[in-house]
Amino acid sequence: MGRVKVFRDLIGIIKDKASQSKAALISNPRTLSLHLALLRATTHDPFSPPDPTHLATLLSFGHCSRATASTAVNAIMDRLQTTRDAAVAIKCLITVHHIIKRGSFILQDQLSVYPSTGGRNYLKLSNFRDDTTPLTWELSSWVRWYALYLENLLSTSRILGFFLCSTSSSVDKDTEEDKVSSLINTELLKEISSLGNLIEQIAKKPDSLNSNGNVLVDAVLGLVGEDYLSSINEVSIRVSEFKERLDCLGFVDSVELVCVLRSLEECKERLSTLSQRKKEMIESVWGSINEVKDQIGNSKAYKEDEGRLLMMGRRNKVSESARFGERVVHSGNSVKFSSGRFLSFNDFSFPAYASME
């Protein structure tokens, strides 16, 4: 087993050297430093994260022209799509993550076109598999999850109007609260729903067996853990805003909000070990989520509208049965709502009605 590992590592080193030599021979002199930095940052070694020096070199291309920034992003995405090595793929995704967090506006702007412009989704890696070793097989599951997470992160950032977790687009809390308070309910629901989807994706992170303690996995979890703190803070701002609007929140919006909050609560346990920082703040947010969810469920208006909806369902069923005498509604038949907003009512059953001859 030890010899196999040494042989595999040797092949990885040879591949890295060969790629760098090839780049030196055929690359345009203007982009040679870009391609070499990318190859050096995304080596085949599964036990070393991208070198910070090479990452800094890649990020520096965001301070050049828009064309240069576009070339840099294209090079990263091409490397990601053409590799079949799990370590290379994860390092490419880590590089993308660093662009989101620390890249210049021009570099982030070039990255944001994937896949929002309707073209090829370069982060679609659902079929990625590297079965070379048990470790690379397990790292493949991290590649698939991490790519989908970054896709969700970009999508959520587009909805919020700024790059979530980015140091270059951080906003003052008071300013963010003022912006959120100016949103109409549908826009506010769209934002908290998108944040909820992002946090749900974080909670779906793979379990580690062979990769437990692997430096690449640890690097990914470190970056995602920082994102989690930023995301939960944004959720907190929007939950607080909804708390102020409970009295004027319509029934449909209330149901949708409750669904989002319930989905978030279901993620709580899996997220508990993700970050050891700001535990009091995180627990406070979870408390607020539970409080708002319960306030909506216990509100008089919510219960009255719920009752009206159920009564309407009864009347519609009776009317239909009277018009079509050959139809018999059996006891236990349920009203199934197609919208996910009404999942909580899908267990409601109507009594049996005998048809009249």
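We number each residue from 1, following the sequence as shown.
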Any chance you could lay out the side-chain contact (heavy atoms from CB on, under 4.5 Å) test for S48 and D45, step after step, and finish with the verdict?
CA-CA 6 Å; S48 64; D45 184 1; 3.1 Å; yes
Show your working on side-chain contact (heavy atoms from CB on, under 4.5 Å) between R84 and T132 and close with a plain yes or no.
CA-CA 10 Å; R84 293 295 175 265; T132 308; over 6 Å; no
Quick one: OG1 on T71 to CD1 on I76, what's the gap to the nearest 0.5 Å?
11.0 Å
Which atom names give the shortest non-hydrogen contact between S236 and V285, and what distance separates them?
CB-CG2, 3.6 Å
Any salt bridge between E291 and K243, counting N to O under 4.0 Å?
yes
For the hydrophobic clusters of this structure (ILVMFWY residues joined by side-chain heavy atoms under 4.5 Å, transitively), does one cluster hold both L198 and L221?
yes
S104 and G62: which non-hydrogen atoms are nearest, and at how many Å?
OG-O, 2.6 Å
Counting distance only, does the side-chain N/O of R79 pair as donor-acceptor with the main-chain N or O of T42 below 3.5 Å?
yes
Partners meeting salt bridge (charged side-chain N to carboxylate O under 4.0 Å, His left out) with K268 (sequence neighbours left out):
E283
With sequence neighbours excluded, what pairs up with E191 under the side chain to side chain donor-acceptor pair (under 3.5 Å) test?
K179, R238
Looking only at non-hydrogen atoms, find the nearest pair between A75 and L38 and report the distance.
O-CD2, 3.4 Å
In terms of the angle between their ring planes, are Y149 and W145 parallel, tilted or perpendicular, with boundaries placed at 30° and 60°?
parallel
Without hydrogens or angle criteria, can the side chains of Q108 and S166 be said to hold a donor-acceptor pair below 3.5 Å?
yes
Between the OG atom in S181 and the CD atom in E241, the distance rounded to the nearest 0.5 Å is 5.5 Å
With a 4.0 Å cut-off on N to O distance, would you call R245 and D253 a salt bridge?
no
CG of L111 to CE of M77, rounded to nearest 0.5 Å, is 5.0 Å
I'd like to know if the side chain of R270 and the backbone of A203 have a donor-acceptor N/O pair within less than 3.5 Å.
yes
Spell out, yes or no, whether Y146 and L148 are grouped together once hydrophobic residues are joined by side-chain heavy atoms under 4.5 Å, including indirect joins.
no
Under the criterion side-chain contact (heavy atoms from CB on, under 4.5 Å), I'd like the reasoning laid out for L135 against F47: C-alpha separation, chi angles, the key distance, then a yes or no.
CA-CA 10 Å; L135 174 60; F47 300 101; 3.6 Å; yes
Below 4.5 Å, heavy atoms only, C-beta onward: do M281 and I232 meet side chain to side chain?
yes
Looking at S126 and R144, what are the two nearest heavy atoms and their distance?
O-CD, 3.2 Å
Yes or no on salt bridge (Lys or Arg N to Asp or Glu O under 4.0 Å) for K101 and E226, after CA distance, side-chain angles and deciding distance?
CA-CA 10 Å; K101 295 179 74 68; E226 293 173 1; 3.2 Å; yes
Donor-acceptor side-chain pairing of T53 and D51 below 3.5 angstrom:
yes
For T156, what residues pass the side chain to side chain donor-acceptor pair (under 3.5 Å) criterion, not counting sequence neighbours?
S194
Treating Ile, Leu, Val, Met, Phe, Trp and Tyr as nodes and any side-chain heavy-atom pair under 4.5 angstrom as an edge, say whether F162 and I99 lie in one connected cluster.
yes
A72 to L107 - nearest heavy-atom pair and separation
CB-CD1, 4.4 Å
In Å, rounded to the nearest 0.5 Å, how long is the span from CG of L58 to CZ of R40?
11.0 Å
Does any N or O in the side chain of S140 come within less than 3.5 Å of the main-chain N or O of T136, such that one atom is a donor and the other an acceptor?
yes
N233/K278 under side-chain contact (heavy atoms from CB on, under 4.5 Å): CA gap, chis, key distance, verdict:
CA-CA 11 Å; N233 182 62; K278 300 184 178 180; over 6 Å; no
F242: which of V180, V260, L249 passes side-chain contact (heavy atoms from CB on, under 4.5 Å)
L249
Provide the full list of salt bridge (charged side-chain N to carboxylate O under 4.0 Å, His left out) pairs with a residue in residues 55-77, sequence neighbours left out, each pair given once.
R66-D109
Please name the pair of heavy atoms, one in S231 and one in L195, separated by the smallest distance, quoted to 0.1 Å.
O-CD2, 4.3 Å
Got D130 and L139 here, is their nearest side-chain heavy-atom distance under 4.5 Å?
no
By side-chain contact (heavy atoms from CB on, under 4.5 Å), S65 pairs with (sequence neighbours left out) A67, T68
Could you tell me whether a side-chain N or O of T43 sits under 3.5 Å from a main-chain N or O of L39, the two making a donor and an acceptor?
no
Is there side-chain contact between V96 and V73, with at least one heavy-atom pair below 4.5 Å?
no
Check this for me: does any side-chain nitrogen of one of K124 and E151 sit under 4.0 Å from a carboxylate oxygen of the other?
no
Pair S155, N152: side-chain N/O donor-acceptor within cut-off below 3.5 Å
no
If you round to the nearest 0.5 Å, how far is NE2 of H97 from CG of L93?
10.0 Å
Working to the nearest 0.5 angstrom, can you tell me the gap between T83 OG1 and K91 NZ?
10.5 Å
Test item: D218 and N214 side chains (from C-beta on) under 4.5 Å apart, heavy atoms:
no
Shared ILVMFWY cluster between I237 and L160, side chains joined below 4.5 angstrom?
yes
Tell me whether I289 shares a hydrophobic cluster with V258, the cluster being built from Ile, Leu, Val, Met, Phe, Trp, Tyr side chains joined at under 4.5 Å.
yes
By side chain to side chain donor-acceptor pair (under 3.5 Å), which residues pair with K204, not counting sequence neighbours?
none
Verify, without hydrogens or angle tests, whether S157 (side chain) and L153 (backbone) share a donor-acceptor contact under 3.5 angstrom.
yes
